[in-house]
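In this text, all values refer to a predicted model and were calculated from it rather than measured experimentally. Side chains included, hydrogens not; waters and symmetry mates left out as well; all remaining heavy atoms used.
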Amino acid sequence: MSERRIVSQPWYERLRPRLARGHQVELLEGGAQYFPALERELDAARDSVFVETYIFEPEASGSLIAEAFARAAARGVRVHLVVDGYGTARRDGPAWQRMREAGVRIGVFRPERSRFEFSRRRLRRLHRKLAVVDGAVAFVGGVNLLDDLFDPNHGRLDSPRLDFAVRVRGPLVAQVHVAAQRLWWELSVVNRSLGRAPAAQDGGGRAAAPPERVDSDVTPAGPVRAALLLRDNFRHRRTIERAYLRAIGRARREVLIASAYFFPGARFRRALLAAVRRGVRVRLLLQGKIEYRLPYYAAQAFYDELLRAGVEIVEYRRSFLHAKVAVIDDWVTVGSSNIDPFSLLLGREANVAAIDPGLAGRLRERLERAIQEGGSPVAIQHHVRRPWHVRLMNRFSYAMLRLGVAISGQAARY
């Protein structure tokens, strides 16, 4: 007989990252696997849905999710959608109108007043991608609600971007649920204080209340030990970075990290180099097809140090690399956080961490396949002979990102 118990705790206790048993964690690769899985859960929803994303383009694959939102809201499910004001600057068109008419509640995190405004505030974005349905199943990962073969800045892609998410059942779903509730309440408070229309409301049209206590069914759903890792600017400032550093520090066999944007701080680099000295195989799968020039060339500024120390670097060139995942022995993380200061020090991020040989093996196999099919290993003898203009771009991009960290006020912590 499975163990079942109901716990009641303050909302902030439910957000503490502890690896706990009792989870089922399914790996999903890209929108091709994520969107159908999310659509099925939305169509089965009976009570509530919370979804957060940085980018939502309700065209092509995104339109399937927009319609699923509308169907759920039309049958009385409380559907809450939060998008980032910069990542999803345009929120008009037929799909948006269809969702609003069906009763989907749409919130915007830090709406943009002007694309040309510059302030520290603009750097603190909602970058996490998560969904929780009926408090029973959650999705966490790096996949935006965006077609795999379309990019807002580059148009149609020849191959789908490389990205991952996980579907989770078990105790940590309650943590995802309360995190989403908490953000929805925060949006309500901010909107009221700024005199905006109250996007966050309860079923009676009143402002949403903060989750004070959470009663959750923690019936074990599987054998996997897992935890939710959040990063925000209040209680969880360094949670994701510290989880990485602990896992790397304990590694005995391998460290395999895929990160779309890679600009590690000194502690992170020292951890990687120390792992190599212990005899651990350390591999980085990084962006090879240029999406944004500044972070691409800035990442290459670290190659000399890492390659000379024995770190293996592979650039993924088949399509855009958007994954933010790692396999460190049997420890796995999948989520929205890049290894850069804007994720680790500024953005709102969400990762799932788990310890499970089976899950680690499945993610490792997917990354190995990506390396074989679209990877280009970086050799130190070729890297040191790169053209002068590339070296110049490396130095300029590195300096610009360091300046961005300084402007953010976080330079001393990175």
Handout entry: Distance-only side-chain donor-acceptor flag, E368 / Q372, under 3.5 Å
Key = no
Exercise for the section: Could you label the plane-to-plane angle of the F50 and H80 rings as parallel, tilted or perpendicular, counting under 30° as parallel and over 60° as perpendicular? Expected result: parallel
Handout entry: Side chain proximity check, L183 to L126, heavy atoms < 4.5 angstrom
Key = yes
Exercise for the section: Please assess E39 against Y34 for the test side-chain hydrogen bond (donor to acceptor under 3.5 Å, both in side chains), listing each intermediate value before the final yes or no. Expected result: CA-CA 9 Å; E39 184 181 16; Y34 175 50; over 6 Å; no
Exercise for the section: May I ask you to decide if the ring planes of F263 and F302 are parallel, tilted or perpendicular, using 30° and 60° as cut-offs? Expected result: perpendicular
Handout entry: Any side-chain heavy-atom pair of V108 and V82 under 4.5 Å
Key = no
Handout entry: Cationic N near anionic O, under 4.0 Å, E29 to R369
Key = yes
Exercise for the section: Let me see the working for R293 and S397 under side chain to side chain contact (heavy atoms under 4.5 Å, CB included), right down to the final yes or no. Expected result: CA-CA 8 Å; R293 292 185 180 276; S397 300; over 6 Å; no
Practice task
Describe, in one word, how the ring planes of Y292 and Y261 are oriented to each other, choosing from parallel (under 30°), tilted (30 to 60°) and perpendicular (over 60°).
Solution key: tilted
Exercise for the section: Using a cut-off of 6.0 Å, state whether more than 12 heavy atoms not belonging to R100 lie near its atom CZ. Expected result: yes
Handout entry: Non-hydrogen side-chain atoms of E291 and D151 separated by less than 4.5 Å
Key = yes
Exercise for the section: May I ask you to decide whether R167 forms a salt bridge with E26, counting only side-chain N to carboxylate O separations under 4.0 Å? Expected result: yes
Problem - Test side chain to side chain contact (heavy atoms under 4.5 Å, CB included) applied to V51 and L145, step by step - result: CA-CA 10 Å; V51 176; L145 299 182; 4.2 Å; yes
Exercise for the section: Determine whether more than 12 heavy atoms belonging to other residues, nucleotides or ligands lie under 6.0 Å from atom CZ of R278. Expected result: yes
Practice task
Given side chain to side chain contact (heavy atoms under 4.5 Å, CB included), test E67 with R98 step by step and report yes or no.
Solution key: CA-CA 8 Å; E67 285 299 316; R98 167 90 173 94; 3.5 Å; yes
Exercise for the section: Take atom CZ of R21 as the centre, draw a 6.0 Å sphere, and report whether it contains more than 12 heavy atoms from other residues, nucleotides or ligands. Expected result: no
Problem - Passing option when T88 is tested against Y54, F109, F56 for side chain to side chain contact (heavy atoms under 4.5 Å, CB included) - result: F56
Exercise for the section: Before giving the answer on ring pair (Phe, Tyr, Trp, His ring centres under 6.0 Å), spell out for F320 and H154 the whole-Å C-alpha distance, their side-chain angles and the decisive distance to 0.1 Å. Expected result: CA-CA 10 Å; F320 290 138; H154 298 268; 4.9 Å; yes
Handout entry: SB check D330 R253 (cutoff 4.0 Å)
Key = yes
Handout entry: NZ/NE/NH1/NH2 to OD/OE distance under 4.0 Å, D84 and R125
Key = yes
Exercise for the section: For the pair D329 (side chain) and R252 (backbone), establish whether a donor and an acceptor sit closer than 3.5 Å, ignoring hydrogens and angles. Expected result: yes
Practice task
Would you indicate whether R75, at its atom CZ, is surrounded by more than 12 heavy atoms from other residues, nucleotides or ligands within a distance under 6.0 Å?
Solution key: yes
Handout entry: R78 and D47 ion-paired at < 4.0 Å
Key = yes
Practice task
Apply the test side chain to side chain contact (heavy atoms under 4.5 Å, CB included) to residues L42 and F69: give CA-CA distance (whole Å), side-chain angles for both, the deciding distance (0.1 Å), then the verdict.
Solution key: CA-CA 7 Å; L42 293 172; F69 287 155; 3.7 Å; yes
Practice task
Consider only side-chain N and O atoms of E349 and S336, and report whether a donor and an acceptor are under 3.5 Å apart.
Solution key: yes
Handout entry: Other residues, nucleotides, ligands: >12 heavy atoms within 6.0 Å of D158 CG
Key = no
Exercise for the section: Tell me yes or no: between the side chains of Q287 and Q300, is some donor less than 3.5 Å from an acceptor? Expected result: no
Handout entry: Under 3.5 Å side-chain donor-acceptor pair for N351 and T333
Key = yes
Handout entry: R128 with E52: basic N within carboxylate O range, under 4.0 Å
Key = yes
Handout entry: Aromatic contact, F268 with Y244 (centres under 6.0 Å)
Key = yes
